[in-house]
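Read through the structure below, which is laid out as structure tokens, and then see the notes.
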Number of protein chains: 4
Amino acid sequence: MPKVSDTHLAGRRDQILSTAATCFAAQGFHATSMADVVRASGLSAGSVYRYFASKDDLIGAIIDRYLEGLVGRFAQAHATSSSPADTVIDALRLLTQGLQDTPFQPFTQLMPQFWSEARRNETIRQRGEIAFRLLLGQFADIVKRAQAQGTVQTNLEPSGVAQIMLALVQGFFLQSILLGQDAALEVYADTVRRLLSPSSG
Amino acid sequence: MPKVSDTHLAGRRDQILSTAATCFAAQGFHATSMADVVRASGLSAGSVYRYFASKDDLIGAIIDRYLEGLVGRFAQAHATSSSPADTVIDALRLLTQGLQDTPFQPFTQLMPQFWSEARRNETIRQRGEIAFRLLLGQFADIVKRAQAQGTVQTNLEPSGVAQIMLALVQGFFLQSILLGQDAALEVYADTVRRLLSPSSG
Amino acid sequence: MPKVSDTHLAGRRDQILSTAATCFAAQGFHATSMADVVRASGLSAGSVYRYFASKDDLIGAIIDRYLEGLVGRFAQAHATSSSPADTVIDALRLLTQGLQDTPFQPFTQLMPQFWSEARRNETIRQRGEIAFRLLLGQFADIVKRAQAQGTVQTNLEPSGVAQIMLALVQGFFLQSILLGQDAALEVYADTVRRLLSPSSG
Amino acid sequence: MPKVSDTHLAGRRDQILSTAATCFAAQGFHATSMADVVRASGLSAGSVYRYFASKDDLIGAIIDRYLEGLVGRFAQAHATSSSPADTVIDALRLLTQGLQDTPFQPFTQLMPQFWSEARRNETIRQRGEIAFRLLLGQFADIVKRAQAQGTVQTNLEPSGVAQIMLALVQGFFLQSILLGQDAALEVYADTVRRLLSPSSG
DNA sequence: CATGAATGAGAGTTCATTCAT
DNA sequence: GATGAATGAACTCTCATTCAT
């Protein structure tokens, strides 16, 4: 039997991961059956189980990829963001608009499900913790740079501001789930800028 | 058993609601079977279904109670909060400490699951929207009062600040799920106060 | 406690029987729950079970009443029917039109269900057998009278003709269930008359 | 197990259909649980549901097969029946004796249940209507042929006679359910012949 | 006597997973 | 390597029946 290249195998894995993410995003982890994933992937049940040991394994892999992507995207954004306020607003833009028509898009919609799973699945929680701490570290660095430049008060704890920056992103995302995000972004972004960069307001 | 007082019936309903909330909080809506709920309630399957037409109905009732309680608790807090910063910090204290050993406690842990369900269940989403808008309205009122008193800049849009206040609560709650809430509250609260009430810092 | 009159008790029993028959006719024995019967009767579950030991008991009582009524109605018809053909046609008219707006009406629609049950429930089968033999006896008498009057050939076995008369009634009833009974009755009745009373055609 | 021949799959389906028909014939549609069918089929619950989407689907398939078989058998009989009387009598023989030890046998006993279901299930009713009209058409053709040959009076409406022929078959079948069919067939058949083919009596 | 809350076995159905081919 | 038929435990929900009040 012909040995298939590792690239080919990795491609198969990716294919399953992406189609599964789309399924999970549309219907949720629990309402999506493995049969749905199998059908969407175009493979057979046996094949899917060759690449992922179980449904939980597949969910874990998807969450990993989601977190990697998330941190990666934000890191790009930070390189061009000079201030905490811009960093937050860039992140909001990324989440609400920037991911349209991107292979990464389905993963975004999984966020609330991820938070839900994290409370019950310690492995998932740990992966999330690592990603969060990474983001918080990046945010704190940005705060420190801004403090050095004099655009942020020095009596603010960088780690505290980092937490708040993250909260501002997460909170807006949650609200847009429940309220619809109609234009609210503009007011929100403006207020964020006035609060975090009062001098520039 | 024959006809029984309405109080007794309402008590039974409450009993089921509370034990079910505990189950759902511990394991999630989907990983909790009705058999689990039945066992925890101490009643029979038939009895549980006498009070709730379906698992979804039970979940809906729990979310309703959770939202009612949430808004109610926050409303109490607002009565005694003079500033936006205090309002946010009171809410954080309420969520992280104030509900310990309260019949309301299990409901708090359901929050992420609620957000998760809201994306796929329009009825739940609508209920959440109503509660959110109520909270946002209360927050905006507090901002206006503070602006009238001169403790908050008047060039800030009250609705924008209200959104940010809500985000600060939600974001902290999410982070505490993933990071543990070790002491972080103090730094977070302090930073919130410095940002929202700069004059008092 | 006041002893309730036997008449009153019998009235209650009748009331349950009638409302239950309506339920069963509309939905079938199996799709009708005892809760449906209880609701329709306006009584409580306990009360219904005071009058009927079980659902099967209730079904049995309904079938009994149905068979009594059936035989009674047909007996009336026979008194005025001079010929086998008229007897059959009178019975058809009775089944298809004569029972409209009669308290007996719901029972008619139970016929196929009765046949269905008879194959599996020996008690019901026996009751049905008694009623059938009674009808067959009456039909045979009519044949004999007609033979004595010279309107039916004497080389026909009266019991055989009786079976055929019954079959003609039952068969038409079945066909009207499946085909709708649109006008078919007239052609059918006419052909029955020509076959059973050839001289009068 | 992997891909398997279509014949094998069809065989499985047949196997389930036959064993289910036996169960349903013995106990009725409603008193037979899917667990009974599963046990009798020798397969697992999941397998049965791979071939039939629901219990109703299974019942529908059984009724379809029953009606197909019925019409098919009767069609064979008509080819060799020269007169309406012979056609009816052949059908009676087929129903009472000819199906013993035939794979088709269990289906026959389902007839009353089919009539029962037809009143409440429009899909089933329609299928039955098609089969009935087919049979009636074949019967009417036989009557016309007999009229052309002069063995049946020409003043009889062929469709009316066809209905009566069908009724004679159905009625005898019903009576044999309730009365037992001991010897009655001979008298019945004889009387049918004398009435439908008076010249040959 | 009447009530109706409570019961719990069992109904139909699903679905993550396996393994013979 | 890939397949997909087969599995069977577990799911949500129903309903005939009982009995404390």
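Source: prediction; values computed, not measured. Labels below follow one simple rule: chain letters A, B, ... track the order of the sequence lines, proteins then strands, and each chain is numbered from 1.
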Identify which nucleotide among E/dG12, F/dA6, E/dT14 has an atom closest to any side-chain atom of D/R12, counting heavy atoms from C-beta outward.
-> F/dA6
For F/dT3, take OP1 and OP2 only and decide whether either is under 4.0 Å from a side-chain N or O of A/S44.
-> yes
Check whether any side-chain nitrogen or oxygen of C/Y49 sits under 4.0 Å from OP1 or OP2 of F/dT17, and answer yes or no.
-> yes
Across all strands, who's sitting opposite E/dA16 as a Watson-Crick or G-U wobble pair, both distances under 3.5 Å?
-> F/dT7
Phosphate OP1/OP2 of E/dA2 contacted by C/R50 side-chain N/O (<4.0 Å) | yes
Do A/L58 and A/V37 have side chains that get closer than 4.5 Å, going by heavy atoms?
-> yes
Does any donor atom in the side chain of D/R120 or C/Q27 lie under 3.5 Å from an acceptor atom in the other side chain?
-> no
May I have the distance from C/M34 (atom CE) to E/dA6 (atom C1'), rounded to whole angstrom?
-> 17 Å
Salt-bridge criterion met for C/D14 and C/R65 (N-O under 4.0 Å) | yes
D/G46 vs D/F29, nearer the 5' end of DNA chain E by closest nucleotide | D/F29
Phosphate OP1/OP2 of F/dA2: any A/S47 side-chain N/O under 4.0 Å = no
Using a strict cut-off of less than 4.0 Å between a Lys/Arg side-chain nitrogen and an Asp/Glu carboxylate oxygen, indicate whether A/E122 and A/R125 qualify as a salt bridge.
-> yes
Name the pairing partner of E/dT21, where a pair is Watson-Crick or G-U wobble with both distances under 3.5 Å, or state none.
-> F/dA2
With heavy atoms under 4.0 Å as the rule, sort C/S33 into base, sugar-phosphate or nothing.
-> sugar-phosphate
So A/H30 and B/H30, would you call those rings parallel, tilted or perpendicular, with 30° and 60° as cut-offs?
-> parallel
Could you check how far CZ of A/R39 sits from C1' of E/dC15, rounded to whole Å?
-> 12 Å
Pairwise 5' ranking along DNA chain E for A/D36 and B/A45, keeping only the more 5' one | B/A45
Here the distance between atom C1' of F/dT21 and atom NE2 of B/H8, to the nearest Å, is 11 Å
Identify whether any heavy atom of B/S5 sits under 4.0 Å from a base atom; if not, whether one sits that close to sugar-phosphate; answer base, sugar-phosphate or nothing.
-> nothing
Separation of atom CG in D/D57 from atom P in E/dG12, rounded to whole Å = 14 Å
Counting any heavy atom closer than 4.0 Å, what does B/F52 reach on the DNA or RNA strands: base, sugar-phosphate only, or nothing?
-> nothing
Looking only at side-chain atoms of B/Y51, point me to the closest of E/dA5, F/dC13, E/dG12.
-> E/dA5
Rounded distance in Å - NE2 (C/H30) to P (F/dA16) = 11 Å
A/K55 atom NZ is separated from E/dA16 atom P, nearest whole Å, by 4 Å
Remember a base hit wins even if backbone is also touched, and classify B/L43 as base, sugar-phosphate or nothing at under 4.0 Å, heavy atoms.
-> sugar-phosphate
Find which nucleotide of DNA chain F each of C/T32 and A/G42 is nearest to by heavy atoms, and output the residue with the more 5' nucleotide.
-> A/G42
Between B/I63 and the options B/F29, B/F24, B/F107, the side chain to side chain contact (heavy atoms under 4.5 Å, CB included) test singles out B/F29
